[in-house]
2 protein chains.
Amino acid sequence: MTKDLRENRLKARIRDIADFYHHKGRMPSFSEIGGMAGIKSKNAVYKLVNKLEKLKVLARDERGRLIPGSIASSVKILGTVEAGFPGAAEEELSDTLSLDDLLVKNPQSTFMLKVSGYSMSEAGILPGDMVIVDKKQAPKSGDIVIAEVDSEWTIKYLDKKGDDVTLIPANPKFTPIKPKKELKIAGVVTAVIRKYR
Amino acid sequence: MTKDLRENRLKARIRDIADFYHHKGRMPSFSEIGGMAGIKSKNAVYKLVNKLEKLKVLARDERGRLIPGSIASSVKILGTVEAGFPGAAEEELSDTLSLDDLLVKNPQSTFMLKVSGYSMSEAGILPGDMVIVDKKQAPKSGDIVIAEVDSEWTIKYLDKKGDDVTLIPANPKFTPIKPKKELKIAGVVTAVIRKYR
DNA sequence: CTTGACAGTAAACGTTCGTTCACCTATAAT
DNA sequence: ATTATAGGTGAACGAACGTTTACTGTCAAG
């Protein structure tokens, strides 16, 4: 068996394990890996797993149980548009990340919200976009926040100058808001997501 | 023990299991759940797991092994800004989803790219934004695509009229591109992500 | 030609797993 | 007052798990 064939087979096996993990939400057992890879002996699987562990494709607990390594993450990160494009070297296994990990620091205090108005469209937040909001982060001046002003919820820039608080829309057609009595800030917008299909 | 206390304890246990899953990338075993929850008997854990299964917090394989249910997902989905805000009923366990699942259909053929120019800023795609690109999806007219025109990579709207193909920027300050010889389309932009902090 | 590394089969082993049984004790409902 | 029901202890059991040892064949390099 030639070298290329061996590498391709390894990649196919990694892909199988990754697919398994993404579809089922757990790592396959040794026998399941054996089944997918067409390996009858558990020892062969054992050696394969050790190799994949060195490749950081997967890892192990302090208890020795399999946990995902690089395959946990679903998206490969490539370069910049209009700054050259990684054409040949696409097939790297490395440099992947999970969007959940990237965008959500505190799952417990984070939620998602659909944007409906045009008041932030100049900041690239359009109606239909989803914003990811963290309730626990302390809002600072300049942040985009979800706020309740006079019993209505809006998304705006937060402008803080001492005790003077203003909510500023990105769209100049809308007017800045000075809360009359109370200003409740539901959370800080940590990310924006737009889905095309 | 009163009703409220029991519910709170259940919620705390669900949170513990969710945290375990998010930190380790796998579901805890029965004994590990027992350890976290302060339960000494495996039977008690067994009953707890069955209850959580009915609550769709977790699920089981066809092999009977634990897989995450609603806790797999990290973000709760709430309503719309400027359409009322779920104030009291926040603490729902339901209606959560994983951003990976939401944004990535085919992990194998999907990658991420950072945008650098202003050519799509009118479509809400600003420099610094990340676009999620699927190589396998067939590009249709109206899609935003990553394309190589005359050995340069760009992000543009795809306009197809029969054999007549044009790449149209969203920003009117940029001019549409008619590829002279070859047009390679690297993939279709399926989502845009902007991270604030 | 020989040697060493690699990939696999096969069998055996102790551990841990999830399940089940019997029993107990509070709370909530009748 | 009595009865269900929910939540828990403790022990036992077979099945599945990951690991280990011993052996085999197949290339590639010396």
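Reminder, nothing fancy here: chain letters follow the sequence lines and each chain counts from 1.
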- Item | side-chain hydrogen bond (donor to acceptor under 3.5 Å, both in side chains) between B/Thr166 and B/Lys178, intermediate numbers included | CA-CA 5 Å; B/Thr166 318; B/Lys178 278 232 181 252; 3.1 Å; yes

- Message: Can you identify which nucleotide, out of C/dA7, D/dG7, D/dC17, has its nearest atom closest to the B/Arg63 side chain?
- Response: D/dC17

- Message: Quick check against the 3.5 Å criterion: does A/Asp143 have a side-chain atom that pairs as donor or acceptor with the backbone of A/Val145?
- Response: no

- Item | Spacing of B/Leu10 atom CG relative to D/dA6 atom C1', expressed in whole Å | 12 Å

Quick one: side chains of residues 33-54 of chain B, donor-acceptor pairs under 3.5 Å with protein atoms, not counting sequence neighbours, listed by atom name and distance.
unit_1, atom_1, unit_2, atom_2, d
B/Ser41, OG, B/Asn43, N, 3.1
B/Ser41, OG, B/Ala44, N, 3.4

- Interatomic distance, B/Leu52 CG vs C/dG18 P [rounded to whole Å]: 14 Å

- Task: With a 4.0 Å heavy-atom cut-off, tell me which residues in residues 24-43 of chain A come close to DNA chain C, sorted by residue number.
- Result: A/Ile39, A/Lys40, A/Ser41, A/Asn43

- Query: Would you call B/Leu167 and B/Asp159 a side-chain contact if the rule is heavy atoms closer than 4.5 Å?
  - Reply: no

- Query: When you match B/Ala44 and A/Arg65 each to their closest nucleotide on DNA chain D, which lands nearer the 5' end?
  - Reply: B/Ala44

- Query: With a 4.0 Å cut-off, would you call B/Asp134 and B/Lys105 a salt bridge?
  - Reply: no

- Closest-nucleotide ordering on DNA chain D, the 5'-leading residue of A/Tyr46 and B/Leu48: B/Leu48

- Starting at NZ of A/Lys47 and ending at C1' of D/dG18, how long is that distance when rounded to a whole Å? 15 Å

- Query: Under 3.5 Å, side chain of A/Asp129 to main-chain N/O of A/Leu126, donor-acceptor pair present?
  - Reply: yes

